[in-house]
Enquirer: 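Okay, here's the structure, questions in a sec.
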Protein chains: 2
Amino acid sequence: MTGLRENNLGSAQECLGQRFQTWRGGEFDLALCPVRGILDRLGDKWTTLILIVLAQRPHRFSEIRRSIPDISKRMLTQTLRDLERDGMITRRVFPTKPPSVEYGLTELGESLLEPVAQLVTWAETSQTKIAMARSAFDAAEASRG
Amino acid sequence: MTGLRENNLGSAQECLGQRFQTWRGGEFDLALCPVRGILDRLGDKWTTLILIVLAQRPHRFSEIRRSIPDISKRMLTQTLRDLERDGMITRRVFPTKPPSVEYGLTELGESLLEPVAQLVTWAETSQTKIAMARSAFDAAEASRG
DNA sequence: TCTTCCTGGTCTAAAATAGAGACCAAGCCT
DNA sequence: AGGCTTGGTCTCTATTTTAGACCAGGAAGA
């Protein structure tokens, strides 16, 4: 364990708490601190991708790596550990000749899939608009020099 | 512009495409590449927080900074620029004596609030389970030495 | 007038984080 | 023996983030 996981989730940053009590109207209570920690976790580069891969079926370590070619072993290990620690995935070791390890979603992990799916859907439907906005912005910037 | 924004969204990583055609059943088509770029953007440390702040009402640069005390000026500037480029927020400069700049959500930005809200809701309802899972994991790890 | 403060940034240097790839044990196959 | 596999870990380097100094330029105070 060299420097892996000393993610002080939400300790470095002050609780934004009461500031957002009325997030667009009031249905949104305080307690944003832990939420932020979770958002940070989801937000990292690989977490969502790994969840999507595991959503299909349980995968072994190297299988995940093949599904997400540009993740490094180190980051895969670290992200899987964090996910396991948060109760989103299970890790099962089989004492086969070369040992094999299978990762799969827990119920909690499954439940996360729903909001993630919404986000993915939003991303799909919005990508055209975003691409247009980018072009416009870049063009305007270029014309200003 | 020193090193800001050369985010080659989705160029470094190969398109995961057809691999996820059947994300939990089949309703999930290819085209994950651009989606991934968007997810990366949402996933960064500050984007979601800024969106939530702006969801309340438009804010000035320094106001945002006060709402998110631990963001550095540089990251705030950079994140706001990226958000503006993606068409999620508008930037309006007022030629006041000390110049003031107001940032607000666009319609596209507003539309993102919905899936983000779902995620926040999930996070709120799940935080207890996650906390328990962490305790259990840490305890098990400690007992193993 | 001279000093100080405010704004929204930019710049540099240092700290934290991610990535590449060598390495490991242990057992199989040839 | 030699080489291959597995799931990792370790070290070294590259990238990213942070802190904080700095800037222009008007305003208000003295």
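Convention: sequence-line order gives letters A, B, ...; per-chain numbering from 1.
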Enquirer: Consider the side chain of B/Arg74, meaning its heavy atoms from C-beta on, and name the nucleotide among C/dG9, D/dT18, C/dC28 that approaches it most closely.
Expert: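 Nearest to the side chain of B/Arg74 among the choices is D/dT18.
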
Enquirer: Determine the contact category for A/Tyr103: base if any of its heavy atoms lies under 4.0 Å from a base atom, sugar-phosphate if only primed atoms, P, OP1 or OP2 are that close, otherwise nothing.
Expert: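 Sugar-phosphate, backbone atoms only, no base.
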
Enquirer: For a quick check of understanding: with a heavy-atom distance under 4.0 Å over all strands, which category does A/Thr96 fall into, base, sugar-phosphate or nothing?
Expert: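 Touches nothing.
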
Enquirer: Tell me, do B/Ile50 and B/Leu76 make a side-chain contact under 4.5 Å, heavy atoms counted?
Expert: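 In short, these two side chains touch, coming nearer than 4.5 Å.
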
Enquirer: Counting only side-chain nitrogens and oxygens, does B/Arg81 get under 4.0 Å of the OP1 or OP2 atom of C/dG9?
Expert: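 The answer is yes; a side-chain N or O of B/Arg81 sits under 4.0 Å from OP1 or OP2.
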
Enquirer: What is the distance, rounded to the nearest whole Å, between atom CD1 of B/Ile68 and atom P of D/dA19?
Expert: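 My rounded result for the distance is 14 Å.
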
Enquirer: Rounded to whole angstrom units, what separation is found between the NE2 atom of A/His59 and the C1' atom of D/dG7?
Expert: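 After rounding, the reported distance stands at 16 Å.
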
Enquirer: Atom CG of B/Leu80 and atom C1' of C/dG9: how far apart are they, to the nearest Å?
Expert: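 To the nearest whole Å, that distance equals 11 Å.
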
Enquirer: Ion pair present between B/Arg60 and B/Glu102, side-chain N to carboxylate O less than 4.0 angstrom?
Expert: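 Here B/Arg60 does not pair with B/Glu102 in a salt bridge, since their nearest N and O are not under 4.0 Å apart.
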
Enquirer: Can you work out whether A/Lys73 or A/Asp44 has the more 5'-proximal nearest nucleotide on DNA chain C?
Expert: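 Comparing both residues, the 5'-ward one is A/Asp44.
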
Enquirer: Whole angstroms only, please: what is the CD1-C1' distance between A/Ile64 and D/dG7?
Expert: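 To the nearest whole Å, that distance equals 11 Å.
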
Enquirer: Quick check for you: among C/dA18, C/dG8, D/dT6, whose closest atom lies nearest to any side-chain atom of A/Arg60?
Expert: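 Of C/dA18, C/dG8, D/dT6, D/dT6 is nearest to the side chain of A/Arg60.
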
Enquirer: Among the nucleotides C/dA20, C/dG8, D/dT18, which one has an atom lying closest to any side-chain atom of B/Ser62?
Expert: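 From the listed options, C/dG8 comes nearest.
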
Enquirer: What integer distance in Å separates A/Arg65:CZ from C/dG19:P?
Expert: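 To the nearest whole Å, that distance equals 12 Å.
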
Enquirer: Can you tell whether the side chains of B/Arg134 and A/Glu84 come within less than 4.0 Å, N to carboxylate O?
Expert: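 A salt bridge is absent here (no side-chain N lies under 4.0 Å from a carboxylate O).
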
Enquirer: How close do A/Ile130 and A/Trp122 get, counting heavy atoms only, and between which atoms?
Expert: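 Answer, listing the atom of A/Ile130 first, then A/Trp122: CD1-CH2, 4.0 Å.
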
Enquirer: Hey, could you give me the CD/CE distance between A/Glu107 and A/Met88, rounded to the nearest 0.5 Å?
Expert: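 These two atoms lie 13.0 Å from each other.
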
Enquirer: I need the CZ-C1' distance between A/Arg92 and D/dG7, as an integer number of Å.
Expert: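 Answer to the nearest Å: 16 Å.
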
Enquirer: For A/Lys97 and for A/Ile71, locate the closest nucleotide of DNA chain C by heavy-atom distance; then report the residue assigned to the nucleotide nearer the 5' terminus.
Expert: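 The answer here is A/Ile71.
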
Enquirer: Do the side-chain N or O atoms of B/Trp46 get closer than 4.0 angstrom to the phosphate oxygens (OP1, OP2) of D/dT18?
Expert: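 True: B/Trp46 side-chain N/O within range (under 4.0 Å) of D/dT18 OP1/OP2.
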
Enquirer: Let's see if you can work this out: which of C/dT7, D/dG7, D/dT18 has an atom nearest to the side-chain heavy atoms of B/Pro98?
Expert: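 Closest nucleotide among those given: C/dT7.
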
Enquirer: Grab the CD-P distance between A/Gln78 and C/dA20 for me, whole Å please.
Expert: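 My rounded result for the distance is 14 Å.
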
Enquirer: Can you tell me the distance, in whole Å, between the CG atom of A/Leu76 and the P atom of D/dT9?
Expert: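 Rounding to the nearest Å, CG of A/Leu76 and P of D/dT9 are 11 Å apart.
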
